[in-house]
Amino acid sequence: MTLELNDMQGLLVRGFGNLQGAQYLLLRFTEAERSRKYIKELLPLLTNALQKPDDHAVQLAFTYEGLSFLALPDETLQSFSREFKEGMTEPHRQFVLGDTGENTPENWVWGSKASGEIHLLLMIYSHNAETLAQKLVQEEARAEAYGLDLLHSLPTGMLHDHKEHFGFRDDISRPIIQELNKKPTSEKEMTFPAGEFIMGYKNLYDEFAPSPVIPPEFDKSDDLPDLTNDSAFKDFGKNGTYLVFRQMEQDVFAFWEYLLGQSKSKEEAIRLASKMVGRWPDGSPLTKTPDKNDPDLSTFNDFAFWEEDKWGLKCPIGAHIRRTNPRDHLVTEKTQKDSAEMASKHRMLRKGRPYGEPVCGDLEPSQLMELPRDHKERGLHFICLVTDIRRQFEFIQNNWVNFHKFGGLEYDADPLIGNHYKNGNIKTDEFSIPEYPIRRKLCDLPNFTLMKGGGYFFFPGISAVRFLANYD
Ligand code: HEM
C-alpha cells in the first residue's frame with residue numbers, strides 16, 4: 001500500500017535534523033469556536049511528509065482533553081485507545097510506567113492534573129535561532145488572538161555529534177518502514193509495515209492499526225477517507241498516530257560521580273558507563289567492539305545478541321539498548337527466531353531531542369567527570385510515535401526498562417533511565433555486568449533521570465486537522 005505522504009505530518013518520516021533549534025508549546029483552548037478557527041489558520045502552515053523544509057517546520061498534536069474540548073462526537077472520543085483516553089498519569093498507569101516515588105506526576109512541572117489541563121502540542125523547528133525566535137513570536141501571538149492559554153514553552157535543541165547529555169551518541173537505531181522503500185543497511189535489520197507507526201496501514205499482525213472513527217454524518221465537508229473495510233465510518237486516524245512525550249531531567253554529575261566512585265580510573269568509569277548504555281560514547285556497539293570504541297562503527301546497527309553475545313559478556317543483558325530492544329535474544333523465548341519476532345512487536349519511532357545547556361560543548365566523558373556541578377536543568381524530551389501505546393511504549397517501559405527480573409536478572413532496572421529503589425524485599429538499584437570467571441555487580445545506583453512532565457497525544461494526519469477546522 002502506498003503511503004499518502006502529502007497527508008502525513010513530516011515527523012513521521014524525518015527528524016528535521018537539519019532544523020537544529022526547536023520549541024514545543026503546550027497550549028489550552030478556552031473557547032471551542034475560536035479554537036477551530038485557530039486550527040484552520042494553522043492548517044496551511046503544517047509541514048507534510050513530502051516536504052523537505054530547510055528553513056522551518058510546524059507540527060501539531062492533541063491530547064484527549066483537547067479533542068473532548070472541541071466536542072467531537074462521543075463515538076469518536078470512545079474510539080481512541082484506552083491508554084490515550086485515560087492519559088499517562090492515571091493512577092494504575094503511574095505504577096505500570098514506574099512513575100512513582102520522586103518520579104510521581106505530583107512532582108511534574110506539566111502533564112499532571114494539578115499542573116493544568118493541556119489540549120495542544122505545537123512543535124516548531126527551525127534552522128537557526130533567529131528564525132525560531134520570529135516563529136515563536138508569531139505563534140504565541142496567533143494563539144493569544146484565538147484565546148488559547150500558553151501553559152508551557154519548552155526549548156529543545158540538538159547537541160554536539162548527535163549526543164545526549166550523559167555524553168553518548170543517540171538516535172542510531174531506528175526501525176525502517178517497508179513502504180518507504182528504504183533498504184535495510186544490513187541483513188540483521190528488520191523492516192516494519194507502516195501500520196506499526198502510522199494509522200490506516202497494516203501492522204505486523206497483518207491487520208489495520210486501530211484507528212479512531214467519525215460517523216459520516218459529522219464529516220459534512222467530506223474531509224476524511226472511509227475506514228478501510230468498514231464504510232459505516234470515516235477514518236479519523238488515517239495518516240496519523242499517537243505521540244508519547246516524556247520530559248526526563250538528567251543528572252549528569254550524579255551519573256559520572258557514581259561511575260568514578262566505582263572505578264580506579266577515568267577509563268574504567270567510561271567502560272562501566274558504556275556497559276550501562278550498550279554502546280561506547282561515540283556510538284560503537286559493545287557487542288561488536290567490546291574492548292574499546294571503534295570510530296568506524298559509530299552508527300553501526302548490524303548486530304544481534306543470540307550468537308554474538310549470548311551471556312552478555314560484551315553487552316550486559318541489562319544494558320539500556322539491550323533492554324529497550326533485545327533483538328534476537330529475549331531470554332524467555334525458545335529460539336532466536338521467536339525472540340526476534342517477539343521483540344519486533346515492541347518498537348517505536350524515537351523523535352526526541354535534548355534540552356538545556358550541555359555541561360560542556362563536546363560532551364567528552366573525561367571532561368564531564370571533571371567539571372563541578374552547575375545546578376542547571378538539562379535532559380531529554382523523549383518523544384516516540386507508535387500506533388499502539390500499550391503494546392509498544394508501555395510494554396517496553398514496564399516489562400523491559402523497569403522490570404527487576406528482566407532477562408533472568410534479580411534486582412536490576414534499566415541502569416540509565418530505570419526507577420532505582422529499595423522497598424522491602426524488592427530492590428531495583430543494582431546493575432549486573434557478566435564477566436568471566438565472576439560477574440561484577442554495581443549496587444546502590446541512584447536515579448540518574450527524573451520525570452518532569454509527560455503526556456499522550458494524538459498526532460493527526462493533515463485531513464484530520466482539516467476536519468477539526470471545519471467541524472461544528
Ligand atoms: C534521559 C533518557 C534517555 C537517555 C539518555 C537515552 C539514551 C540512549 C542512548 C545513548 C541510546 C543509544 C543510541 C541508539 O542505539 O540509537 C539509546 C537507545 C535507545 N533508547 Fe534510550 N535514552 C533515554 C530514554 C529512553 C526511553 C524512555 C526509552 C523507551 C522507553 C528509550 C528507548 C530506547 C531505544 C528503543 C533505543 C534503541 C535500542 C536499539 O534499537 O538498539 N530510551 N538511548
Side-chain angles (χ1 to χ4, degrees), residues 1-12 27 29-51 58-85 119-122 146-148 179 194-195 197-203 207-243 385-389 456-472:
M1 208 168 163
T2 320
L3 297 184
E4 293 169 7
L5 296 172
N6 61 339
D7 193 46
M8 288 174 197
Q9 297 196 65
L11 197 62
L12 270 166
L27 299 147
F29 301 129
T30 56
E31 208 247 293
E33 188 51 41
R34 288 168 82 199
S35 305
R36 280 192 279 274
K37 289 194 176 132
Y38 170 73
I39 296 169
K40 195 168 218 155
E41 237 188 79
L42 274 185
L43 184 62
L45 307 180
L46 295 181
T47 310
N48 72 35
L50 270 185
Q51 295 166 304
V58 179
Q59 306 284 274
L60 187 62
F62 298 83
T63 60
Y64 179 71
E65 289 75 18
L67 295 173
S68 308
F69 188 89
L70 296 173
L72 291 185
D74 272 354
E75 260 167 301
T76 300
L77 292 172
Q78 284 313 314
S79 65
F80 281 97
S81 74
R82 178 173 171 180
E83 306 78 55
F84 177 66
K85 286 186 277 190
H119 291 160
L120 191 78
L121 166 66
L122 186 67
Y146 287 97
L148 278 80
E179 289 86 338
F197 310 108
I198 312 171
M199 290 170 183
Y201 301 88
K202 284 204 172 169
N203 61 19
E207 287 166 4
F208 285 95
S211 201
V213 295
I214 299 274
E217 63 274 21
F218 290 97
D219 185 15
K220 290 184 191 131
S221 327
D222 202 17
D223 291 314
L224 299 170
D226 286 346
L227 188 68
T228 320
N229 298 341
D230 186 356
S231 57
F233 286 106
K234 294 293 196 96
D235 192 348
F236 186 51
K238 177 106 195 203
N239 298 320
T241 194
Y242 291 114
L243 182 154
L385 303 175
V386 290
T387 48
D388 189 332
I389 296 176
Y456 291 150
F457 294 83
F458 172 57
F459 187 66
I462 307 280
S463 303
V465 180
R466 188 172 301 114
F467 168 84
L468 288 173
N470 291 332
Y471 175 71
D472 53 27

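Any value given below was found using the heavy atoms of this structure, including those in side chains, with hydrogens, waters and symmetry copies removed.
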Chemist: Ignoring hydrogens and angles, tell me if any N or O in the side chain of E179 forms a donor-acceptor pair with the backbone of A194 under 3.5 Å.
Modeler: yes
Chemist: What are the two closest non-hydrogen atoms of A32 and F69, and how far apart are they?
Modeler: N-CE2, 3.5 Å
Chemist: Check each of L122, L120, T30 against L148 using the side chain to side chain contact (heavy atoms under 4.5 Å, CB included) test, and report the only one that passes.
Modeler: L120
Chemist: How many angstroms lie between OH in Y38 and OG in S35, if you round to the nearest 0.5 Å?
Modeler: 9.5 Å
Chemist: Any side-chain heavy atom of I198 within less than 4.5 Å of one from T241?
Modeler: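 With C-beta onward as the side chain, the pair stays apart.
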Chemist: Might you point out which heavy atoms bring D235 and G237 nearest each other, and give the distance in Å?
Modeler: OD1-N, 3.0 Å
Chemist: With K238 as the cation and Y201 as the aromatic partner, state whether NZ or CZ is under 6.0 Å from the six-membered ring centre and within 45° of the axis.
Modeler: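 Verdict for Y201: a cation-pi partner in K238.
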Chemist: Can you check whether L5 reaches M8 side chain to side chain, under 4.5 Å on heavy atoms?
Modeler: yes
Chemist: Between S68 (side chain) and Y64 (backbone), is there a donor-acceptor pair under 3.5 Å?
Modeler: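 Here the side-chain-to-backbone pair exists.
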Chemist: Rounded to the nearest 0.5 Å, what separates atom CG in D388 from atom CZ in F197?
Modeler: 11.5 Å
Chemist: Is there a side-chain contact between V465 and L60 in this structure, where contact means two heavy atoms from C-beta onward sitting under 4.5 Å apart?
Modeler: yes
Chemist: May I ask you to check whether D223 and S463 show a side-chain donor-acceptor distance below 3.5 Å?
Modeler: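 Judged by distance alone, the side chains do not pair up.
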Chemist: Say you draw a straight line from OG1 of T76 to CG of L70; how long is it, rounded to the nearest 0.5 Å?
Modeler: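 The distance works out to 12.0 Å.
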Chemist: Taking C-beta and beyond as the side chain, do Y242 and L385 meet within less than 4.5 Å on heavy atoms?
Modeler: no
Chemist: When rounded to the nearest 0.5 angstrom, what is the spacing between CD1 in I214 and CG in L72?
Modeler: 5.5 Å
Chemist: Using modelled atom types only, decide if a donor and an acceptor are shared between the side chain of K234 and the backbone of L224 within a distance under 3.5 Å.
Modeler: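 At least one qualifying donor-acceptor pair exists.
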Chemist: I'd like to know if the side chain of Q78 reaches the main chain of E75, judged simply by a donor and an acceptor atom lying under 3.5 Å from each other, with no hydrogens or angles considered.
Modeler: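 Side chain of Q78 to backbone of E75, a donor-acceptor pair under 3.5 Å: no, none is there.
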Chemist: Side chain of Q9, backbone of P460: donor and acceptor closer than 3.5 Å?
Modeler: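 Here the side-chain-to-backbone pair exists.
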Chemist: Tell me the closest heavy-atom pair linking F208 and K202, and the distance in Å.
Modeler: CE1-CE, 3.8 Å
Chemist: F458 vs F236 aromatic rings, parallel, tilted or perpendicular, using cut-offs 30° and 60°?
Modeler: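 Correct class here is tilted.
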Chemist: Roughly how far, to the nearest 0.5 Å, is the CG atom of L42 from the OH atom of Y146?
Modeler: 9.0 Å
Chemist: If you take all heavy atoms of L243 and F459, which pair is closest and at what distance?
Modeler: CD1-CD1, 3.9 Å
Chemist: Can you check whether G147's main-chain N or O pairs, donor with acceptor, with E31's side chain at less than 3.5 Å?
Modeler: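 Pair absent, no side-chain N/O of E31 close to backbone of G147.
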Chemist: Give me the atom names and distance for the closest heavy-atom approach of A71 to Y471.
Modeler: O-OH, 2.6 Å
Chemist: Rounded at 0.5 Å granularity, tell me how far CG in N239 sits from CG in L3.
Modeler: 8.0 Å
Chemist: Is the shortest heavy-atom distance from the side chain of K220 to the side chain of D472 under 4.5 Å?
Modeler: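 With C-beta onward as the side chain, the pair touches.
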Chemist: When you measure from the side chain of R36 to the backbone of L468, do you find a donor-acceptor pair of N or O atoms at a distance under 3.5 Å?
Modeler: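 No, because the side chain of R36 does not come within donor-acceptor range (under 3.5 Å) of the backbone of L468.
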Chemist: Does the side chain of L27 reach to within under 4.5 Å of the side chain of H119, using non-hydrogen atoms?
Modeler: no
Chemist: Please examine the side chains of D222 and F467, heavy atoms only from C-beta on, and report whether any two atoms are closer than 4.5 Å.
Modeler: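 Side-chain contact under 4.5 Å: no.
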Chemist: If only atom types and distance count, is the side chain of T387 paired as donor or acceptor with the main-chain N or O of M199 below 3.5 Å?
Modeler: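 Answer holds: no.
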Chemist: F62 vs F29 aromatic rings, parallel, tilted or perpendicular, using cut-offs 30° and 60°?
Modeler: tilted
Chemist: What's the shortest heavy-atom distance between L77 and K85, and which atoms?
Modeler: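 Heavy-atom minimum between the residues: O-CD, 3.4 Å.
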